[in-house]
Protein chains: 2
Amino acid sequence: MSLTIKSCYALRGLYELYKLQNEQNQNNEKNYISIFNISENTDIPNEFLAKIFSELKRAGIVDSGRGKFGGFTLAKNPEEVKLSEIVEALEVPLNSYDCVTKGECVNQDTCPADFVWRRVQKAIFDELSKITLKDIIEYGERKGNVSPI
Amino acid sequence: MSLTIKSCYALRGLYELYKLQNEQNQNNEKNYISIFNISENTDIPNEFLAKIFSELKRAGIVDSGRGKFGGFTLAKNPEEVKLSEIVEALEVPLNSYDCVTKGECVNQDTCPADFVWRRVQKAIFDELSKITLKDIIEYGERKGNVSPI
DNA sequence: TTCAAAACATACATAGATGTCTACTTTTTA
DNA sequence: TAAAAAGTAGACATCTATGTATGTTTTGAA
């Protein structure tokens with residue numbers, strides 16, 4: 001499990017999605033937010049964000065509606081989405097440094113260190129499992145409330 | 001703090017250094033092992049390993065002697081070397097994805113997720129702090145004793 | 001004093017991951 | 001039927017980890 005800017009974009013995008021949904025949702029109807037709107041507010045490149053959300057949909061983290069007035073919506077309550085899910089959905093390690101990215105070792109038979117990467121892998125996963133999208137939202141809102149002087 | 005194949009090479013290299021030192025050290029004299037010898041036994045590219053060991057020396061993890069019969073030697077007892085030291089000595093995050101590699105966020109003021117990367121960063125460091133070079137050596141020796149049929 | 005073997009220093013090459021951009025297709029609503 | 005959105009595919013650019021090559025300095029021994 002690697003950690004790239006994709007995960008960062010995903011969290012910021014999901015946070016923005018939540019915010020826009022709540023702003024516009026006066027009468028509690030199901031509403032979709034377009035990628036364009038999210039990227040506009042976050043300065044995340046439009047097309048890259050589209051890719052990311054497409055992957056998040058496949059993982060069941062967001063739902064989408066096509067066509068006019070389509071867009072994305074959160075598929076679950078924020079407290080039900082663990083960050084480990086999000087990161088796992090996005091970060092697909094495919095390069096050759098298996099020992100560090102996958103926590104697996106190419107020289108299985110001789111490598112005296114493979115257990116290290118497995119332990120690190122697990123440590124990352126465990127830490128990410130303790131955090132939910134709700135924590136992100138609360139943290140972001142607290143931060144947003146700090147008015148700059 | 002990123003994790004690349006450098007860290008992997010370092011651990012395998014240090015393990016090999018320890019082994020060669022003990023094989024050759026019949027009468028407990030200080031003896032140096034050359035990079036050439038280590039890379040020969042581990043299939044780690046010679047010059048790359050040289051770079052890695054040079055960084056390990058700067059971090060005080062190995063000592064070196066120049067000239068003929070020079071080479072490298074462990075600077076401390078294996079149980080005194082935490083893996084967090086080794087990884088920190090090698091993995092210098094310099095790319096632009098500060099939020100994920102350095103645990104710092106470029107958009108400090110608005111990012112609702114920077115605390116996540118700090119926590120992950122810490123989780124990795126904490127896990128690596130619990131493991132020493134001695135653990136690597138013991139694990140490697142156990143593994144080496146398993147005779148393939 | 002000379003040679004060989006080693007660390008040390010540095011610059012260069014390259015592949016592959018990563019991120020960005022462009023264009024096109026399909027779907028849906030008004 | 002037009003507009004706005006997701007979805008899809010692929011080209012392109014860039015960055016950086018990795019590996020290579022070359023040369024310099026140091027040291028011990030013959």
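Labels below follow one simple rule: chain letters A, B, ... track the order of the sequence lines, proteins then strands, and each chain is numbered from 1.
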**Item:** B:Lys76: side chain to side chain donor-acceptor pair (under 3.5 Å) partners, not counting sequence neighbours
**Value:**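 B:Glu85.
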
**Complete:** Closest to the 5' end of DNA chain D, once B:Tyr9 and A:Ala50 are matched to their nearest nucleotides, is A:Ala50

Keeping [X] on the side-chain end and [Y] on the backbone end, is there a donor-acceptor pair under 3.5 Å?
X        : Y        : answer
B:Ser129 : B:Phe125 : yes
A:Glu16  : A:Ser39  : no
A:Tyr9   : A:Ile52  : no
B:Tyr15  : B:Gly140 : yes

How many whole angstroms separate atom [atom1] of [X] from atom [atom2] of [N]?
X       : N      : atom1 : atom2 : answer
B:Phe53 : C:dA7  : CZ    : P     : 10 Å
B:Ile5  : D:dT16 : CD1   : P     : 19 Å
A:Glu55 : D:dT8  : CD    : P     : 11 Å
A:Asn46 : D:dG7  : CG    : P     : 13 Å
A:Leu49 : D:dA5  : CG    : C1'   : 14 Å
B:Phe36 : D:dT20 : CZ    : P     : 15 Å
B:Ile38 : C:dA7  : CD1   : C1'   : 12 Å
B:Glu40 : C:dA5  : CD    : P     : 13 Å

Just to be sure I understand the rule, does [X] reach a base, reach only the sugar-phosphate, or reach nothing, if contact means heavy atoms closer than 4.0 Å?
X       : value
A:Lys51 : base
A:Phe72 : sugar-phosphate
B:Ser54 : nothing

**Prompt:** Along nucleotides 22-30 of chain C, 5' to 3', which nucleotides get a B, which get an S, and which get a -, given that the test is a protein heavy-atom distance under 4.0 Å?
**Reply:** B---BBBBS

**Prompt:** Tell me, which pairs form a salt bridge (charged side-chain N to carboxylate O under 4.0 Å, His left out) where one or both residues lie in residues 120-133 of chain B, sequence neighbours left out?
**Reply:**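 For residues 120-133 of chain B, and leaving out neighbouring residues, the salt bridge (charged side-chain N to carboxylate O under 4.0 Å, His left out) pairs sorted by first residue read A:Arg119-B:Glu127, B:Lys122-B:Asp126, B:Glu127-B:Lys130.
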
**Message:** So which atom in B:Arg12 and which in B:Thr42 form the shortest heavy-atom distance, rounded to 0.1 Å?
**Reply:**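 In terms of heavy atoms, the two residues are closest at NH2-O, 2.8 Å.
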
Respond yes when some side-chain nitrogen or oxygen of [X] is under 4.0 Å from OP1 or OP2 of [N], and no when none is.
X       : N      : value
B:Thr4  : D:dT18 : yes
B:Lys6  : D:dG19 : no
A:Ser64 : D:dG7  : yes
A:Tyr32 : D:dA4  : no

**Prompt:** The side chain of B:Ser34 lies closest to which of these nucleotides: D:dA6, C:dA7, D:dG19?
**Reply:** C:dA7

